Novice: 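What follows is a structure written as structure tokens; I'll ask about it next.
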Amino acid sequence: DMKVTQMPRYLIKRMGENVLLECGQDMSHETMYWYRQDPGLGLQLIYISYDVDSNSEGDIPKGYRVSRKKREHFSLILDSAKTNQTSVYFCASSLDWGSYEQYFGPGTRLTVL
Amino acid sequence: GEKVEQHESTLSVREGDSAVINCTYTDTASSYFPWYKQEAGKSLHFVIDIRSNVDRKQSQRLIVLLDKKAKRFSLHITATQPEDSAIYFCAASRSNNRIFFGDGTQLVVKP
């Protein structure tokens with residue numbers, strides 16, 4: 001069963017706390033992504049990972065970092081979270097560098113107070 | 001970089017009518033144009049795409065048209081049903097997996 005999972009689904013943190021969002025996929029996809037979605041807006045790409053330890057910045061990387069130590073896991077880290085990082089975060093994966101279709105996880109709703 | 005614009009932020013149609021969502025893009029090198037659907041409170045899933053070597057593609061009730069000269073593409077949903085109600089995102093890509101999304105169109109199908 002092809003699936004992208006995200007944990008946690010909901011998270012409330014205080015400003016200045018560290019945040020770890022986890023993403024997993026069981027399709028052996030090489031490429032993985034982190035996006036954020038804000039009300040009325042499309043998806044903004046934060047980071048893209050082409051494979052283990054091969055990560056590139058997207059359009060809005062500031063305030064975020066990522067880690068990919070295993071092909072099936074991709075983590076998004078917010079060091080000292082800010083209130084403007086309140087958003088819904090989506091992880092996605094695609095088969096490889098040349099594949100366009102992306103499979104999305106269910107999303108994590110993060111609130112930073 | 002690429003900029004994708006969706007012209008309609010909301011669209012309301014009656015069940016059984018057709019719905020059309022229009023998008024434009026800026027990068028002439030874009031060659032792949034997917035559409036994603038997001039139902040209320042859920043994630044996005046792929047519905048249909050078109051590549052730049054064709055100008056029309058149909059999958060059941062979904063038709064995608066591409067006008068490369070005008071840098072415009074559109075999604076046509078025929079014989080709409082209540083379950084078509086969702087936010088639809090158009091997107092464009094030239095290569096290396098970077099997909100640029102529009103802001104989404106909220107489609108409401110009224111019974």
Side-chain angles (χ1 to χ4, degrees), chain A residues 1-7 9-10 21 23-25 27 29-51 54-61 68 74 87-109, chain B residues 1-11 21 23-27 29-54 57 59 64 66 73 75 86-106:
Chain A
D1 188 26
M2 300 192 300
K3 214 174 186 181
V4 178
T5 57
Q6 290 185 235
M7 291 290 286
R9 296 293 313 281
Y10 301 90
L21 305 184
C23 175
Q25 48 96 1
M27 300 169 278
H29 283 179
E30 287 184 2
T31 309
M32 297 186 74
Y33 313 78
W34 276 107
Y35 294 93
R36 66 177 279 176
Q37 183 183 36
D38 298 297
L41 299 179
L43 279 76
Q44 297 175 274
L45 180 66
I46 306 171
Y47 268 94
I48 181 170
S49 174
Y50 294 102
D51 210 331
S54 180
N55 308 317
S56 292
E57 294 181 345
D59 299 320
I60 52 163
R68 190 151 178 222
F74 190 32
S87 188
V88 179
Y89 291 86
F90 287 101
C91 174
S93 71
S94 62
L95 179 61
D96 55 32
W97 185 89
S99 301
Y100 290 99
E101 184 175 344
Q102 296 184 14
Y103 297 80
F104 283 82
T108 294
R109 184 174 294 276
Chain B
E2 173 68 278
K3 174 76 175 167
V4 178
E5 291 194 12
Q6 287 188 238
H7 298 183
E8 302 86 5
S9 57
T10 59
L11 180 61
I21 302 171
C23 292
T24 54
Y25 62 99
T26 57
D27 188 350
S30 286
S31 60
Y32 174 71
F33 305 91
W35 288 84
Y36 285 80
K37 177 181 180 182
Q38 184 179 32
E39 294 168 64
K42 297 188 177 179
S43 188
L44 287 78
H45 69 266
F46 170 86
V47 288
I48 192 170
D49 61 13
I50 190 167
R51 295 181 187 268
S52 58
N53 59 340
V54 296
K57 183 174 179 178
S59 174
V64 181
L66 174 63
F73 59 115
L75 174 67
I87 301 174
Y88 290 82
F89 292 93
C90 62
S93 176
R94 60 188 293 186
S95 66
N96 70 304
N97 303 99
R98 283 299 312 272
I99 293 181
F100 295 88
F101 289 86
D103 289 347
T105 296
Q106 174 78 61

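Since the model is a prediction, treat every value here as computed from it, not as a measurement. First the proteins, then the strands, lettered A, B, ... as listed; each starts at 1. Only this structure's heavy atoms are used, side chains among them; waters, hydrogens and symmetry mates stay out.
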Novice: As a test of understanding, state which of B/Arg98, B/Lys3, B/Arg94 forms a salt bridge (Lys or Arg N to Asp or Glu O under 4.0 Å) with B/Asp27.
Specialist: B/Arg94

Novice: Flag the one option from B/Phe89, B/Tyr36, B/Tyr32, B/Phe46 with the top tally of heavy-atom pairs under 4.5 Å to chain A.
Specialist: B/Tyr32

Novice: Whether the side chain of A/Glu30 engages the backbone of A/Leu95 through a donor-acceptor N/O pair (distance < 3.5 Å, no angle test) should be reported.
Specialist: no

Novice: Name the region of B/Ser31, side chain, backbone, both or neither, that has any atom closer than 4.5 Å to a heavy atom of chain A.
Specialist: side chain

Novice: Compute the centroid of each ring, for A/His29 and then for A/Tyr103, and state whether the two points are separated by less than 6.0 Å.
Specialist: yes

Novice: Does any backbone or side-chain atom of A/Gln37 lie under 4.5 Å from a heavy atom of chain B? Answer side chain, backbone, both or neither.
Specialist: side chain

Novice: Roughly how far, to the nearest 0.5 Å, is CZ of A/Arg68 from OG of A/Ser49?
Specialist: 4.0 Å

Novice: Heavy-atom distances under 4.5 Å only: say whether A/Leu41 touches chain B with side chain, backbone, both or neither.
Specialist: both

Novice: Report the relative orientation of the aromatic rings in B/Phe33 and B/Phe73; use parallel for angles under 30°, tilted for 30 to 60°, perpendicular for over 60°.
Specialist: tilted

Novice: Is it the side chain or the backbone of B/Gln38 that comes within 4.5 Å of chain A heavy atoms, both, or neither?
Specialist: side chain

